[in-house]
Number of protein chains: 2
Amino acid sequence: MSESKAGQPDETAKPRRRQARGERRIQQLLDAAASVFCRAGYTSASTNAIAREAGVSPGTLYQFFPNKEAIAVELGERLNRRMLETHGVVFTLENAALPLRELIDAVLDPMIEFNCANPAFLTLLQSSDAPGHFLEEHAALHDSIQDRIGELIGVRNPGLSPERRTHTANMAFALFKAGLGLILGHEGAEREAYVAELKTALYGYLAPVLGTEGAPARP
Amino acid sequence: MSESKAGQPDETAKPRRRQARGERRIQQLLDAAASVFCRAGYTSASTNAIAREAGVSPGTLYQFFPNKEAIAVELGERLNRRMLETHGVVFTLENAALPLRELIDAVLDPMIEFNCANPAFLTLLQSSDAPGHFLEEHAALHDSIQDRIGELIGVRNPGLSPERRTHTANMAFALFKAGLGLILGHEGAEREAYVAELKTALYGYLAPVLGTEGAPARP
DNA sequence: CAAGAATGCGAGCGGGCGCTCGTGTTTGTC
DNA sequence: GACAAACACGAGCGCCCGCTCGCATTCTTG
């Protein structure tokens, strides 16, 4: 059943065989899109500007994406996937047993690093202006992260009611995004200072709910 | 030697005499703008839509505002002024002497109430996409609030270095905006829950810096 | 090689945007 | 009432947007 040739995800009827050149173009276009979205926001970013930044013509852009929205969706999905692939391990359950301060370090440091390297991610997460359909994909992306946080909270404090857990996860994520905005808005020592402030804030918020100690598991 | 006629490039000259009807129209237009900005964000909001929502023609809108940007600026200024007039008292120094929990209640409750009644304010505060000039006015609005917070923090803990104070004020304000977004995104009991979560978060963040007690002098 | 698919181009389309302008109506002042 | 200023209208201008299309070029395959 499995094709011995290149993996063929037989989804809908889409007999489009991409060449290596095409994949490269897609990556160029997404990189350019990240840059332009970051600079102007989703609505103000123009597809012509994205194509220009990628060094291709508008027509070429539309060879690979059906419309502007699809660019943002694909960019968001790729960034999300890459973040989980690279740093998804921080959400594993063993981390839940760490003392709270170490848990926050373990989760935040990779996330902050990733977002500093990919500032477009936060831009997409915060883009409130958007055509309706993008908002749905956007919400899905949002929830996929929120679920990870809620899961971690649930393991850490199983006694929490589902509502409280949702509220806590939502608020923690919102606080994180807020701090991330400050962090990305500064550089060098200032940035480090805001990283420390954000950790302090999250510690202060989560300590009463999750406890400061780690799980009784001993090495 | 006053000018008899002929308005020249005199900056301070304001030869426009508004009638009561005009002031009413301006208010209608700003109300409509608040609604549209809130629904679509600054960039996606169209001046034609604002005029339509206000029940006037596009030409009438431009009788009172030179361009779209001026609408947002004026709206922001009016909201900011109104907030300070109505609730500015919460930043007075006597409040700084309250126990931290009461201080947070005293500051946050009126702010939350105001922002629930005027959700456009947060929209403007968060509007990242915008033409350059608007961003300057926007930053001024931002700073005017931030200064108030920094002042309060400074009175509460005079020993704080100016840098720390700035960082703390910035972070506290960012956390507040983040929580406010969640609050405005929910209603009824959910909203109340997020209000409580936000207060918890701010308390947890500020307690180590400002102390939980009311007495300002503390070894 | 030939042939077809994938890729690439860029002028230009339809449309909605911010905004204008000629004209008509209401209001304040004498 | 006479007159000017303020107010109101709405068709429409110029611009730029997202996006298309016809055609040229490059790759893959046999």
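This structure is a prediction, so every number in the text was calculated from the model and none was measured. To find a chain, count down the sequence lines: A is the first, B the second, and so on, and within it residues start at 1.
- Remark: B:Asn67 pairs with B:Glu69, B:Ala70 by the side chain to side chain contact (heavy atoms under 4.5 Å, CB included) rule, at least two apart or across chains.
- Under the salt bridge (charged side-chain N to carboxylate O under 4.0 Å, His left out) criterion, no residue pair touches residues 166-195 of chain A, with sequence neighbours excluded.
- Within the structure, ring-ring contact (aromatic ring centres under 6.0 Å, His included) contacts touching residues 38-77 of chain A (residues at least two apart or in different chains) are A:Phe37-A:Tyr42, A:Tyr42-A:Phe134.
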Side chain to side chain donor-acceptor pair (under 3.5 Å) for A:Arg25 and A:Gln19? Distances and angles first, verdict last. CA-CA 10 Å; A:Arg25 278 275 179 260; A:Gln19 302 179 351; over 6 Å; no

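- Atoms CG and CG, from A:Leu152 and A:Leu103 in turn, are 5.5 Å apart once rounded to the nearest 0.5 Å.
- Atom CD in A:Glu69 sits about 9 Å away from atom P in D:dC19, given to the nearest Å.
- Remark: B:Thr200 pairs with A:Tyr205 by the side chain to side chain contact (heavy atoms under 4.5 Å, CB included) rule, at least two apart or across chains.
- Residues in residues 132-153 of chain B take part in no salt bridge (charged side-chain N to carboxylate O under 4.0 Å, His left out) pair, two or more places apart or across chains.
- When the C1' atom of D:dA4 is taken as reference, atom CZ of B:Arg18 falls 17 Å away, rounded to whole Å.
- Checked against side chain to side chain contact (heavy atoms under 4.5 Å, CB included), A:Pro58 has the following partners two or more places apart in sequence or in another chain: A:Asn48.
- Rounding to whole angstrom units, CG of residue A:Leu61 and P of D:dC21 are separated by 16 Å.
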Please set out all donor-acceptor pairs under 3.5 angstrom arising from side-chain atoms of residues 121-128 of chain A, sequence neighbours excluded.
| residue | atom | partner | partner atom | Å |
| --- | --- | --- | --- | --- |
| A:Thr123 | OG1 | A:Pro119 | O | 3.3 |
| A:Ser127 | OG | A:Leu124 | O | 3.0 |

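- Taking every side-chain heavy atom of B:Gln63 into account, D:dC7 is the closest of C:dC9, C:dT7, D:dC7.
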Its contact letters, B for base, S for sugar-phosphate only and - for none at protein heavy atoms under 4.0 Å, make nucleotides 21-28 of chain C read B----BS-

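- Applying the side chain to side chain contact (heavy atoms under 4.5 Å, CB included) test to A:Arg164 and every residue at least two apart in sequence or in another chain returns A:Leu160, A:Ser161, A:Thr168, A:Val209, B:Glu197.
- Within residues 39-56 of chain B, the residues having any heavy atom under 4.0 Å from DNA chain D are, by residue number, B:Val56.
- Here B:His167 pairs with A:Tyr194 under the ring pair (Phe, Tyr, Trp, His ring centres under 6.0 Å) rule; sequence neighbours left out.
- In this structure, the CZ atom of B:Phe65 is 15 Å from the P atom of C:dT20, given to the nearest Å.
- Computed from coordinates, the B:Ile71 CD1 to C:dG18 C1' distance equals 10 Å when rounded to whole Å.
- Taking every heavy atom of residues 24-35 of chain B and every atom of DNA chain C, no pair lies under 4.0 Å.
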